[in-house]
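Note: hydrogens, waters and symmetry copies are ignored here, and every other heavy atom, side chains too, is used. Order of listing sets the numbers, starting from 1, for every ligand and every atom in it.
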Amino acid sequence: MTTARGLVVVAEDDPAVTSLLRLYLTRDGFGVDTYGDGAAALQAVLTRRPVALVLDVGLPGLDGIEVCRRLRASGDRTPVLFVTARDDEVDRVLGLELGADDYVTKPFSPRELVARVHAVLRRTAPADDDRLVLGGVEVDVAGRRVWADGAEVHLTALEFDLLAYLMRRPGRVLQREELLASVWGYGSAAGTRTVDVHVAQVRAKLGPGAPIRTVRGVGYAADVSAR
Ligand code: CA
């Protein structure tokens, strides 16, 4: 499940801690996926691209430190908030220069953990708008990749430019003529009907969560309200 603030993956094998974290993170607007072992959590981060990973050090199979090591080795930069149970785990987390973004030590208050997640996200937020998120749709502008509800969607170059242009201006009503001029270019011989065709193709690929609203008689706006 992905909600307004994005998906957080929780890797934790203690069901009581897991359900508390799910409750507090969900209440705060995050989508939450939980995994009780390290290998499943590692796979989830690589495929579902969460905004953050809450990672218990003491996990069965791959422990949390190994999960983080493999993530970083693969080039993944998902912010990691470690959960440690003992001082020696803290030492391992801090000593190995794993690229951990923060840690909490058990027992911790769920409220504190959620606050730490927010702090990590603020610190690690890209300085530019390379990553656009609206509803369940995420756009990596630099990498020209798109995900809808966590699954990658393949758009043509033009479809991608159109979606990114709309998503950079959430809530703003954009006339077909403006979209043509900005996305297709001023020299384009395309008519305004071309815009409708491409919007329909983008919507079809993104599915029911496509964050593009038709404004009758005018054009389109990027937002998460119904079409
Ligand atoms: Ca554990």
Side-chain angles (χ1 to χ4, degrees), residues 1-126 131 133 135-136 138 140 143 145 147-152:
M1 184 174 103
T2 304
T3 49
R5 290 187 194 274
L7 175 72
V8 173
V9 165
V10 174
E12 166 64 71
D13 58 325
D14 181 336
V17 175
T18 301
S19 52
L20 256 187
L21 291 183
R22 177 185 291 282
L23 176 71
Y24 275 78
L25 287 165
T26 303
R27 192 186 286 171
D28 216 51
F30 291 103
V32 180
D33 277 355
T34 62
Y35 300 88
D37 72 272
L42 176 63
Q43 189 58 30
V45 172
L46 293 174
T47 55
R48 307 227 41 213
R49 307 210 2 132
V51 295
L53 168 64
V54 176
L55 182 57
D56 186 26
V57 172
L59 286 172
L62 290 182
D63 73 11
I65 285 173
E66 185 60 18
V67 169
C68 187
R69 202 189 61 72
R70 293 193 189 185
L71 271 182
R72 296 306 187 232
S74 78
D76 186 279
R77 288 287 168 267
T78 303
V80 173
L81 179 65
F82 270 108
V83 176
T84 58
R86 304 182 309 271
D87 285 348
D88 61 307
E89 288 183 352
V90 175
D91 293 343
R92 284 177 71 202
V93 166
L94 297 179
L96 291 175
E97 294 178 12
L98 286 165
D101 297 285
D102 202 356
Y103 70 94
V104 295
T105 302
K106 290 178 180 175
F108 56 86
S109 85
R111 215 179 294 273
E112 181 198 348
L113 182 131
V114 172
R116 296 288 192 92
V117 169
H118 280 293
V120 161
L121 292 180
R122 273 196 304 276
R123 280 204 306 278
T124 58
R131 190 169 167 282
V133 180
E138 177 188 341
D140 169 7
R145 298 174 72 188
W147 292 261
D149 291 324
E152 187 162 10

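Looking at heavy atoms from C-beta onward, H118 lies in side-chain contact with D28 at the 4.5 angstrom threshold.
Listed by chain and residue number, the protein N/O/S atoms under 3.0 Å of the Ca ion (ligand 1) are D13 OD1, D56 OD2, G58 O, with waters left out.
Between L81 atom CG and R116 atom CZ the span is 7.0 Å, to the nearest 0.5 Å.
Listed by first and then second residue, the salt bridge (Lys or Arg N to Asp or Glu O under 4.0 Å) pairs involving residues 8-22 are E12-K106 (not counting sequence neighbours). Among residue pairs with one or both ends in residues 35-46, none qualify as side chain to side chain donor-acceptor pair (under 3.5 Å); sequence neighbours excluded.
The side-chain hydrogen bond (donor to acceptor under 3.5 Å, both in side chains) search around D63 returns R92, not counting sequence neighbours.
Looking at S74 and D76, their side chains never bring a donor and an acceptor atom within 3.5 Å of each other.
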